[in-house]
Amino acid sequence: MIGSVLVPLAIVLATAVAMELAAAWIHEHVMHGWGWGWHRSHHEETEGHFERNDLYAVLFAVVAVALFAVGSLWWEPVWWMGVGLCFYGVIYFFVHDGLVHQRWPFRHVPKRGYLRRLYQAHRLHHAVETREGAVSFGFVFAPPVATLRAQLRENLRAREAAE
Ligand SMILES: [Zn+2]
Ligand SMILES: [Zn+2]
């Protein structure tokens with residue numbers, strides 16, 4: 001039955017898209033808000049392989065385990081949401097930890113195309129080391145670099161005016 005493939009596939013893709021929206025929102029309003037205590041480590045130089053910010057990844061892993069548990073015990077679609085969450089996790093790791101922060105044992109910086117834009121967008125997110133004034137909170141969706149640069153300048157100006 002084609003439906004037995006398409007429905008799970010749709011759930012996985014929808015969950016991954018929803019996760020990007022949720023992650024961007026959480027990044028902007030929680031991690032750069034009351035959750036800054038964990039996230040700060042990611043905007044500063046840190047020693048060693050891990051940083052406090054990695055606890056957020058652990059938190060999402062716990063959510064995935066919970067979805068798998070609920071899905072296998074009560075309602076199968078939730079299990080596929082767990083798959084979608086893991087799928088997003090893999091993309092996030094590849095783009096954010098890999099391409100942008102080079103936390104893998106080789107060096108590869110994208111030179112062109114959408115991955116380049118993604119790389120630059122997140123680099124611009126890291127142009128700011130403080131809780132406020134940052135731009136580009138998504139990880140997979142990246143606005144054009146020129147837009148982000150203008151936004152960054154605007155934020156800086158606003159901050160200088162406030163001081
Ligand atoms: Zn951040
Ligand atoms: Zn980052």
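Order of appearance sets the numbers: ligands from 1, and atoms from 1 within every ligand. Bear in mind the structure is a predicted one, so any value in this text is a computation, not a measurement.
Taking the six-membered ring where the residue is Trp, H27 and H122 present tilted rings, their angle falling between 30° and 60°.
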Hey, mind stepping through E160 and R157 against salt bridge (Lys or Arg N to Asp or Glu O under 4.0 Å) and telling me if it holds?
CA-CA 5 Å; E160 272 162 11; R157 221 182 333 232; over 6 Å; no
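The closest donor-acceptor contact from the side chain of E129 to the backbone of H126 lies at 3.5 Å or more, if one exists at all.
Partners of E44 by salt bridge (Lys or Arg N to Asp or Glu O under 4.0 Å), not counting sequence neighbours, listed by chain and number: R40. With sequence neighbours excluded, the residues that form a side-chain contact (heavy atoms from CB on, under 4.5 Å) with E28 are F137. In this structure, Y114 has no ring-ring contact (aromatic ring centres under 6.0 Å, His included) partners at least two apart in sequence or on a different chain.
The N, O or S atom of H122 lying closest to the Zn ion (ligand 2) is NE2.
Listing protein N, O or S atoms at distances below 2.8 Å from the Zn ion (ligand 1), with waters left out, gives H27 NE2, H32 NE2, H39 NE2, H43 NE2, H125 NE2.
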